[in-house]
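Accompanying notes for the structure given below.
Side-chain atoms are counted along with the backbone in the values below, which use heavy atoms only and exclude waters and symmetry mates.
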Amino acid sequence: KKSPGRLIPPCMAGLPSIVDWSGQRSWVAPILLTYPGKGIIGEVGMIAVDANTGRVCAHTPKKELDAAAAKLTQGRRNEIEAAFHRARKS
């Protein structure tokens with residue numbers, strides 16, 4: 001049986017900005033790594049959404065999101081897991 005692979009880390013979009021380039025208007029927002037009970041850990045990428053169609057027109061590739069998340073959490077694993085367990089108990 002084939003494994004589904006690793007999922008993208010828990011993320012949310014940050015505050016978007018409207019950007020115009022080459023006649024295309026897009027919303028651009030940072031992708032933020034988050035954990036329950038800890039909140040925002042840091043920025044791991046970007047996403048751009050066409051302001052007219054609502055379609056994603058560009059984003060940081062999953063491999064880069066994973067690498068940035070690993071770098072942000074390196075050395076903080078115990079702190080993040082403790083916050084996650086506190087959030088599950090509440």
Side-chain angles (χ1 to χ4, degrees):
K1 188 173 179 179
K2 189 174 179 181
S3 170
R6 198 162 83 73
L7 299 175
I8 293 174
C11 294
M12 64 179 269
L15 186 64
S17 300
I18 195 79
V19 176
D20 289 304
W21 72 73
S22 302
Q24 182 176 349
R25 195 173 168 114
S26 299
W27 286 101
V28 178
I31 300 172
L32 306 171
L33 177 66
T34 64
Y35 278 96
K38 185 68 179 157
I40 295 170
I41 305 298
E43 187 175 317
V44 292
M46 296 291 286
I47 187 165
V49 178
D50 185 294
N52 295 318
T53 66
R55 291 186 177 165
V56 174
C57 49
H59 63 84
T60 303
K62 181 184 179 306
K63 190 179 243 184
E64 291 179 29
L65 290 174
D66 288 342
K71 187 175 181 179
L72 281 173
T73 58
Q74 186 176 14
R76 298 176 73 185
R77 175 69 61 204
N78 291 341
E79 175 187 347
I80 291 167
E81 286 181 8
F84 181 78
H85 291 299
R86 280 193 305 272
R88 286 185 77 187
K89 290 181 181 178
S90 28

Margin query: Are V56 and I31 connected into the same hydrophobic cluster when the rule is that any two of I, L, V, M, F, W, Y join if their side-chain heavy atoms are below 4.5 Å apart?
Written below: yes
Next item on the list: Give, for atom CD1 of I40 and atom CE of M12, the distance between the pair rounded to the nearest 0.5 Å.
Entry: 4.5 Å
Next item on the list: Identify the heavy atoms of L33 and C11 that sit nearest to each other, and give their distance.
Entry: CA-SG, 4.3 Å
Check: Where do A29 and G14 come nearest, in terms of heavy atoms and distance?
Finding: CB-O, 3.7 Å
Item checked: From D66 atom CG to E64 atom CD, the distance as rounded to the nearest 0.5 Å -> 10.5 Å
Notebook entry, point to check: How far apart are the closest heavy atoms of E43 and L32, and which atoms are they?
Noted result: CA-CD2, 3.9 Å
Check: Going from CG on N52 to CZ on R25, what distance comes out if it is rounded to the nearest 0.5 angstrom?
Finding: 8.5 Å
Next item on the list: Grab the two heavy atoms, one from V28 and one from M46, that are nearest each other, plus how far apart they are.
Entry: CG1-CE, 3.4 Å
Note to self: Can you list everything that forms a side-chain contact (heavy atoms from CB on, under 4.5 Å) with L15? Sequence neighbours excluded, please.
What the structure shows: none
Check: Side chains of L72 and V44: closer than 4.5 Å at any heavy-atom pair?
Finding: yes
